[in-house]
Amino acid sequence: MQRPGVGRWRAVGFDVRDMNALLIVAALVLGFCVAFMVPTYGPSAILLCLMLAVIAGYIISKIKLENKFLLQMFVAGLLVRMLVGAGIFIFNKHDFFGGDAFTYDILGDMLLDYWRTGSAVHKATLDQRDVGWGMINLVAATYGLVGRNMLAVQFVNAVIGAATAPVIFLCAHHIFGNMRVSRVATIFVAFYPSLVLWSAQGLKDGPMVFLLAISMLATLKLGERISLKYILMLLGALVGVLSLRFYVFYMMVAAIGGSFVIGMNAFSAQSLARQYLVIIALGLAMLQFGVLNSAMRRAETINLEAVQSSRLDMAKSGQSGFGQDVDVSTTSGALTTIPIGMIYLLFAPFPWQLASLRQSITLPEMVVWWLSFPLLVMGLWFTLKYKMRQALPILIFTTMLTIAYSVFQGNVGTAYRQRSQLLIFYFIFVSVGYELVRERAEDRRRQAELTKQQATLMGARAAARRRQEREWERIADSISEKVGF
């Protein structure tokens with residue numbers, strides 16, 4: 001049987017090998033241009049990126065399902081991110097798109113110096129900063145390999161961001177078992193502009209969405225059978241999430257625990273035992289490595305008053321703040337904030353809020369997202385009706401994080417940025433909605449063709465009957481003439 005999609009490409013004179021050749025040429029041209037335009041930082045950044053890409057590509061090639069397609073999407077997504085990242089670096093637009101990159105650059109270099117010298121001053125400075133130790137360690141490790149090079153950090157993030165797309169493919173296929181749904185979700189994650197933008201910079205958003213995707217994939221696999229590989233994968237991903245955004249860690253743990261307690265498959269004694277064994281194993285592992293103690297210490301700092309203070313600061317910052325009069329320091333205030341906060345989280349920035357160039361360039365992708373939202377609703381409805389148990393971890397997590405950000409966010413720009421943590425899962429449901437629409441369109445087309453064929457057949461039969469009747473009339477007239485009637 002011909003692989004899906006190959007025949008269509010060949011019909012227009014484009015072979016899969018042509019795509020591979022095109023990607024190779026694009027990679028060579030991009031690598032040469034970056035090395036030429038940024039001779040100080042480009043070669044080392046490209047070399048590190050190549051090494052990581054080869055490792056990621058090797059792992060992707062071991063996937064038994066659609067590995068050629070996934071490799072192409074990974075490489076294409078990586079090249080797009082490298083192009084965007086190089087542009088931001090060459091034109092010095094870090095502050096325009098994401099000023100946090102400078103903070104991670106400074107602290108990462110400071111941490112590397114502390115590793116080498118043990119400076120107490122650096123240690124004290126680092127302890128006072130609460131910006132997510134995971135990203136600082138990633139920057140420091142990168143600088144330890146290639147020297148202080150922000151472009152290298154961007155390219156490392158580009159590899160991580162591009163690798164997220166194949167992970168989402170595996171998540172979607174595990175739940176729905178539909179190749180087109182999985183492929184469409186992969187394409188969305190590989191090339192959606194905001195997902196590309198945030199993973200092409202030295203920000204923690206790229207690693208964050210990758211770790212969330214890995215956490216979900218491992219959870220889905222563990223819901224099917226116990227595997228030491230996926231337990232370690234899930235544990236490592238959760239530690240990474242805790243190191244980047246600790247509050248998301250709690251929601252991920254709640255989603256994983258809830259999905260295992262409720263069950264992702266039909267209930268049986270075996271599945272129940274498996275699910276509780278996984279929960280116990282994860283709990284003991286996190287306790288052994290001090291993850292739970294660290295998480296509990298951070299949890300003590302979370303309360304509605306702190307959320308209100310942080311939200312108010314965001315609402316007052318810049319021209320993109322909203323809801324300055326909202327008070328989420330009480331439970332009732334937080335609940336009443338959810339509807340308006342969810343509207344901003346899901347749909348902002350709106351056309352009337354595009355007051356600057358940075359906001360205006362989001363309009364094309366927002367139009368795509370607004371048009372995709374009905375597909376998201378359709379996909380969610382189908383999932384809740386037919387695949388709720390299988391998709392339970394994603395449903396619980398996205399619901400919790402959507403509600404949390406609806407309460408917490410008070411700034412359009414921040415909401416737009418942190419939406420990426422939800423989009424990678426939303427796009428799975430968008431792809432389901434797209435497949436439903438496509439199948440319905442095909443059903444209508446087939447029904448129209450069948451109706452047309454039936455009408456043609458009925459017309460042919462009626463014409464045949466009329467011809468037969470005329471023939472009988474001619475025979476009757478001929479006989480009448482012969483007998484003298």
Side-chain angles (χ1 to χ4, degrees), residues 56 59 130-138 141 157 160-161 163-164 166-168 170-171 174-175 199 203-264 274-302 391-405 408 418 420-425 428:
I59 296 172
D130 185 18
V131 293
W133 56 266
M135 189 61 197
I136 299 174
N137 279 265
L138 176 62
N157 270 355
I160 295 172
T164 306
V167 179
I168 291 298
L170 295 175
C171 292
H174 183 94
I175 298 171
S199 58
L203 305 172
K204 60 185 176 182
D205 301 80
M208 185 68 190
V209 296
F210 175 75
L211 291 170
L212 292 178
I214 287 291
S215 299
M216 283 302 169
L217 177 61
T219 302
L220 293 171
K221 294 293 185 180
L222 289 172
E224 188 176 62
R225 63 182 179 87
I226 294 180
S227 167
L228 179 60
K229 177 180 72 173
Y230 288 114
I231 289 178
L232 294 177
M233 184 186 297
L234 179 57
L235 181 62
L238 287 176
V239 172
V241 170
L242 179 63
S243 73
L244 294 173
R245 286 197 172 99
F246 68 94
Y247 53 88
V248 179
F249 168 83
Y250 306 119
M251 284 174 271
M252 179 59 75
V253 169
I256 294 170
S259 61
F260 279 127
V261 170
I262 297 173
M264 288 174 276
R274 179 179 64 245
Q275 287 154 194
Y276 278 97
L277 280 174
V278 172
I279 293 175
I280 293 171
L282 286 173
L284 290 175
M286 287 192 288
L287 184 63
Q288 176 67 28
F289 291 106
V291 177
L292 290 182
N293 291 334
S294 175
M296 291 179 67
R297 286 196 302 270
R298 299 301 299 268
E300 293 175 358
T301 65
I302 299 178
L392 202 57
I394 293 178
L395 291 171
I396 295 176
F397 175 73
T398 53
T399 300
M400 293 179 65
L401 192 59
T402 300
I403 293 174
Y405 278 153
F408 178 73
Q418 296 190 341
S420 61
Q421 299 166 41
L422 296 163
L423 284 177
I424 57 171
F425 301 119
I428 296 177

Test log, rule side chain to side chain contact (heavy atoms under 4.5 Å, CB included), inputs M252 and M400: CA-CA 9 Å; M252 179 59 75; M400 293 179 65; over 6 Å; no
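The distance from the CD1 atom of I160 to the OG atom of S199 is 9.5 Å, given to the nearest 0.5 Å. For the atom pair CD1 of I168 and CD1 of I428, the computed distance is 4.5 Å after rounding to the nearest 0.5 Å. If you take CE on M251 and OG1 on T398, they are separated by 11.5 Å, rounding to the nearest 0.5 Å. The structure places CG of L401 at 9.5 Å from CZ of F425, a figure rounded to the nearest 0.5 Å. For the atom pair S227 OG and L232 CG, the distance stands at 8.5 Å (nearest 0.5 Å). A distance of 7.0 Å separates CZ of F397 from CG of L422, quoted to the nearest 0.5 Å.
Here the side chain of D205 pairs no donor or acceptor atom with the backbone of S420 at under 3.5 angstrom. Side-chain atoms of K204 come within 3.5 Å of backbone N or O of L244 as a donor-acceptor pair.
In terms of heavy atoms, G258 sits closest to I396 at C-CD1, 4.1 Å.
At a threshold of 4.5 Å between non-hydrogen side-chain atoms, the residues M208 and M135 do not count as touching. Considering only heavy atoms from C-beta on, I256 comes within 4.5 Å of L238 through its side chain. When side chains are defined from C-beta on, P207 counts as touching N157, because their heavy atoms get closer than 4.5 Å. Within the 4.5 Å cutoff, side-chain heavy atoms of M233 are placed close to those of Y230.
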Donor-acceptor pairs are to be reported for all side-chain atoms of residues 213-222 against protein atoms at under 3.5 Å, with residues two or more places apart or in another chain.
unit_1: S215; atom_1: OG; unit_2: L211; atom_2: O; d: 2.8
unit_1: T219; atom_1: OG1; unit_2: S215; atom_2: O; d: 2.7

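Below 30°, between 30° and 60°, or above 60°: for F408 and Y405 the angle between ring planes is between 30° and 60°, a tilted geometry.
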